[in-house]
Undergrad: 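So that we are looking at the same thing, I have put the structure below in structure tokens.
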Amino acid sequence: MKVLCVAEKPSIAKSISQILSGGQFTTSNTNSPYIKNYEFDYPQTNSTFTVTCVSGHLTSQDFYETHRKWNSCDAFELFDAPVETFIAKDKKAIEQNLKVQARRADVLMIWTDCDREGEHIGLEIVRVCREVKRNIIVKRARFSAIIAQQIHRAAQHPVELDRAQADAVEARMILDLKVGAAFTRMQTQTLQSRVGQLAEGGVISYGPCQFPTLGFIVQRYNRVKDFRPETFWFIYLAVSRLTSSQGNEDTAFNWRRGHCFDVEVAVALYEMVLENPRARVTKVTNKSTRKWKPLPLTTVELQKAGSRLLGLAPKKVLDVAEKLYQQGFVSYPRTETDQYDPQFDFMTLIHKQTVDPAWGGFATGLEQGNFNTPRKGKNNDKAHPPIHPTAHAGNLAGEEKRVYEFITRRFLACCSKDAEGWQTTVDIVCGGEDFYATGLVVLEKNYLEVYPYDKWTGHVIPEFAEGEEFDPSVCELREGQTSRPNYLTEADLVTLMDKNGIGTDATIAQHIQTIIDRDYVIERMEGATKYLIPSTLGVGLIEGYNQIGLDKSVSKPQLRRETERRMVQVCERAVTKNDMLHQSIDQYKEMFIIAKREFNKVVTVCNSISVIGIVLNCTC
DNA sequence: GCAAGGTC
């Protein structure tokens, strides 16, 4: 029996070939430079296997010619316009290869990633293959990690493609196209005369991910803009005392009440303390404490760290990681998984790092007994392990070197032990008010030795004994002010998007880049930190939608969440694909009508929605 | 000239 296996991308095709063939396979080229076909016998099922792949989605969607041109129709018509599915030009060679291989095969086995998108890509593959072989038997290999045992199991016990998941994806594709195109054309056509200079291409784009992303940035911008500092008061208490190591040192005690915004109350409490200023130690607590080592590395975490620690934009980090992956230095960089498979081979990978001049010694230590199983996070995409180094890279430079170093140190840290310390808390009472001081001694740095990105500094405090009394050397009523919140950083934004389900691990960085390219957002450096600030146009769009009562729907994450929820319903077969599509489209149609009417007022009677009028530089 | 999702 001849079995044609098709994976989602070249790396998986190669991995499963190596596993299933035991390393004995022949390789042949195709007309696509990235795609190879692997052939071998698989006696376990009496078959000859050909393994190949696609490169993500095979097909694209667009309107037909009648609606494709911007002036061919009213933008509103796009909601009901038919959509064409076709194989993009750059995917033709892949399609051709599939057809040639399908003609020779009895069975088509789908090996795409085991997620919704993978199920849809599987269906795209099936459709192409059936064009040349209508009765080909279709199977789906289901695996949760690229590990020998699981891959063999998947090959020997295939299941069926999940049509409902593919349907959910198809509905989302059509929805996003229609909504994106309709709103983008409408916004551009109604507002462009009011916007001074437009970015390259002259488009005021709308997208169901772009706008909530911009919304986060504007929301924070408003908080910063509206911030008014508030004065507060607190009692500061300190005592000078001899420590074992540093000589005489002031130990500051924190007021249990934190701080107080009412000056009269603060003064009254302070006077009580002054009347009876002798302090008494009520409790001394000593306990061991630890700083947890980091979780296994996901794409989102890599992007956050890249931005925060390496000063690289999320998109840049992903590009660099992709390059390292192409060179074979790190594992697949797009993963949601923050837990390692129990059978994961840590020791081989750790051994490869022992030759490194900087962290080789640490890796050796792990080999010689310091190894500790990594922590387990809550996420598993069932396709890729956490990001880890796959080979030692000694000759990298610049950004590649820094990203590789981070990934490797993170991996070694995960395989190490938590840092251990000793924490002391001294509780005192003074004039009827409670205060406390804490001290920390770091006993074992463990993972911190190889992971300088985390800081945990010890602070030794002198000895205090329960019941002892002393006179504080400083007792003052001090004044402070609440501080202005910061603008959003890229790392903050990635976190917000991830939490709210805006975009995916592979697309979050792109969405941020898009709203920068569209001139909705400006990057501003303050020291080493990059902040994201909305442009006049960006604020105007979000405030404009807020002003006309569409804020919940357009600039906030709720609507994308509803789309997501409906997709899950389709997957669970509670709702059909068409029902989902129509529910969502009706919702957007309603908003479209309101938005178009109000946006037109910006141009004609500006005052009715002053915010858009002002920020879009309307002159009336 | 429009989207978001895969991927190289």
Side-chain angles (χ1 to χ4, degrees), chain A residues 7-14 30 32-36 53-63 67-73 75 77-79 81 83 88 90-91 93-94 112-113 115-125 165-166 168-189 192 198-213 299 318-319 321-327 332-334 381 383-384 497 501-515 517-518 559-560 563-564 567 584-585 588 592:
Chain A
E8 186 165 320
K9 55 202 141 215
S11 64
I12 303 277
K14 193 167 185 186
T30 71
S32 165
Y34 305 106
I35 289 168
K36 307 216 180 309
C53 65
V54 289
S55 176
H57 286 287
L58 261 181
T59 59
S60 310
Q61 281 74 35
D62 206 346
F63 301 105
H67 294 80
R68 212 172 281 185
K69 289 232 164 54
W70 275 48
N71 290 317
S72 60
C73 67
E77 281 181 35
L78 295 175
F79 287 116
V83 167
D90 59 341
K91 300 288 170 80
I94 299 173
T112 49
D113 292 357
D115 54 23
R116 280 191 317 225
E117 300 298 327
E119 229 58 33
H120 184 264
I121 294 167
L123 190 61
E124 293 176 310
I125 296 164
Q165 289 192 53
V169 169
E170 198 167 284
R172 190 213 62 229
M173 286 172 153
I174 295 171
L175 177 68
D176 286 348
L177 170 65
K178 289 186 168 181
V179 171
F183 273 78
T184 299
R185 289 186 195 180
M186 183 273 287
Q187 285 185 167
T188 307
Q189 284 161 347
Q192 68 185 354
L198 273 180
E200 197 73 31
V203 175
I204 306 176
S205 68
Y206 173 83
C209 288
Q210 291 175 29
F211 261 58
T213 305
T299 306
L318 200 51
D319 289 348
E322 174 74 36
K323 237 173 131 186
L324 291 169
Y325 161 69
Q326 296 301 339
Q327 297 170 82
Y332 190 70
R334 284 182 284 273
D381 64 19
H384 308 286
M497 293 173 73
I502 303 301
T504 68
D505 51 0
T507 62
I508 280 177
Q510 290 169 27
H511 296 312
I512 299 175
Q513 193 56 50
T514 301
I515 57 176
D517 292 344
R518 299 282 192 244
L559 207 59
R560 193 65 185 169
T563 303
E564 176 66 26
M567 283 179 77
S584 294
I585 284 184
Y588 277 105
F592 182 95

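Every chain is numbered from 1, with letters handed out A, B, ... down the list of sequences.
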Undergrad: Using atom CD of A:Glu124 as one end and atom C1' of B:dT7 as the other, report the distance to the nearest whole Å.
TA: 12 Å
Undergrad: Check salt bridge (Lys or Arg N to Asp or Glu O under 4.0 Å) between A:Lys9 and all other residues, then give those that pass, not counting sequence neighbours.
TA: A:Asp113
Undergrad: Look at A:Arg334 and B:dT7 and indicate whether a side-chain polar atom (N or O) is within less than 4.0 Å of OP1 or OP2.
TA: yes
Undergrad: Specify the residue among A:Ser55 and A:Thr59 whose closest nucleotide of DNA chain B lies further upstream toward the 5′ end.
TA: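 Final value for this comparison: A:Thr59.
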Undergrad: Nearest whole Å is fine: how far is B:dG5 P from A:Glu564 CD?
TA: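 Nearest whole value for this atom pair: 9 Å.
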Undergrad: Within the 4.0 Å heavy-atom criterion, would you say A:Glu8 contacts the bases, only the backbone, or no part of the nucleic acid?
TA: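 Sugar-phosphate, no base atom in range.
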Undergrad: Over how many whole Å does the gap from A:Met497 atom CE to B:dA4 atom C1' extend?
TA: 11 Å
Undergrad: Any base atoms under 4.0 Å from A:Tyr332, or only sugar-phosphate, or nothing? Heavy atoms, all strands.
TA: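 Contact class for A:Tyr332: sugar-phosphate only.
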Undergrad: Tell me what A:Pro208 touches on the nucleic acid: a base, only sugar-phosphate, or nothing, going by heavy atoms under 4.0 Å.
TA: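 Since only primed, P, OP1 and OP2 atoms lie under 4.0 Å of A:Pro208, the category is sugar-phosphate.
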Undergrad: Output yes when A:Glu564 and A:Arg116 qualify as a salt bridge under the 4.0 Å nitrogen-oxygen rule, no when they do not.
TA: yes
Undergrad: Distance check, rounded to the nearest 0.5 Å: A:Thr112 atom OG1 versus A:His57 atom NE2?
TA: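 If I round to the nearest 0.5 Å, the distance is 10.0 Å.
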Undergrad: I'd like to know if the side chain of A:Thr213 reaches the main chain of A:Cys209, judged simply by a donor and an acceptor atom lying under 3.5 Å from each other, with no hydrogens or angles considered.
TA: yes
Undergrad: With a non-hydrogen cut-off below 4.0 angstrom, is A:Phe183 in contact with a base, only sugar-phosphate, or nothing?
TA: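 Touches nothing.
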Undergrad: Does the pair A:Arg334 and A:Glu322 meet the rule for a salt bridge (charged side-chain N to carboxylate O under 4.0 Å, His left out), with working shown?
TA: CA-CA 9 Å; A:Arg334 284 182 284 273; A:Glu322 174 74 36; 3.0 Å; yes
Undergrad: Taking CD from A:Gln61 and P from B:dA3, how many angstroms apart are they, rounded to a whole number?
TA: 15 Å
Undergrad: Within this structure, what is the NE2-to-P distance between A:His120 and B:dT7, rounded to whole angstrom?
TA: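 These atoms are roughly 14 Å apart.
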Undergrad: To the nearest Å, give me how far apart CD (A:Gln327) and C1' (B:dC8) are.
TA: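 Atom CD in A:Gln327 sits about 14 Å away from atom C1' in B:dC8.
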Undergrad: Between A:Arg560 and B:dG5, is there a side-chain N or O to OP1/OP2 distance below 4.0 Å?
TA: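 Indeed, a polar side-chain atom of A:Arg560 lies that close.
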Undergrad: Can you identify which nucleotide, out of B:dG5, B:dC2, B:dT7, has its nearest atom closest to the A:His57 side chain?
TA: B:dG5
Undergrad: Among B:dG6, B:dC8, B:dC2, which nucleotide sits nearest the side chain of A:Tyr34?
TA: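 So the nucleotide nearest the side chain must be B:dC8.
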Undergrad: Going by 5.5 Å between centroids and 30° between planes, is there a stack of A:Trp70 over B:dG1?
TA: yes
Undergrad: May I ask you to say what A:Gly56 touches in the nucleic acid, namely base, sugar-phosphate or nothing, with a heavy-atom cut-off under 4.0 Å?
TA: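 A:Gly56: base contact, heavy atoms under 4.0 Å.
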Undergrad: As a test of reading the structure: which of B:dA3, B:dG5, B:dC8 is closest to the side chain of A:Arg172, going by heavy atoms?
TA: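 The answer is B:dG5, which lies nearest to the side chain.
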Undergrad: Considering residues, nucleotides and ligands other than A:Lys36, do more than 12 of their heavy atoms fall under 6.0 Å from its NZ?
TA: yes
Undergrad: Could you tell me how far apart A:Asp90 (CG) and B:dG6 (P) are, to the nearest whole angstrom?
TA: 17 Å
Undergrad: For A:Tyr332, give me all partners under ring pair (Phe, Tyr, Trp, His ring centres under 6.0 Å), at least two apart in sequence or on another chain.
TA: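 Checked A:Tyr332 against ring pair (Phe, Tyr, Trp, His ring centres under 6.0 Å); matches are A:Tyr325, A:His384.
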Undergrad: Taking A:Ser205 for the side chain and A:Thr184 for the main chain, is one N or O donor matched with an acceptor at less than 3.5 Å?
TA: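 Side chain of A:Ser205 to backbone of A:Thr184, a donor-acceptor pair under 3.5 Å: no, none is there.
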Undergrad: Would you classify A:Asp62 as touching base, sugar-phosphate or nothing, given that sugar-phosphate means primed atoms plus P, OP1 and OP2, and contacts are heavy atoms under 4.0 Å?
TA: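 Base: the residue A:Asp62, judged by heavy atoms under 4.0 Å, touches a nucleobase.
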Undergrad: Ignoring the backbone of A:Lys91, work out which of B:dG6, B:dG1, B:dC2 is nearest its side chain.
TA: B:dG6
Undergrad: Tell me which residues in residues 502-512 of chain A put a heavy atom below 4.0 Å from DNA chain B, sorted by number, or none.
TA: A:Gly503, A:Thr504, A:Ala506, A:Thr507, A:Gln510, A:His511
Undergrad: Both A:Gly180 and A:Asp113 contact DNA chain B. Taking the nearest nucleotide for each, which residue is further toward the 5' end?
TA: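 Taking each residue's closest nucleotide, the earlier one in sequence belongs to A:Gly180.
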Undergrad: Measure from CG on A:Asp115 to P on B:dA4 and round the result to the nearest Å.
TA: 19 Å
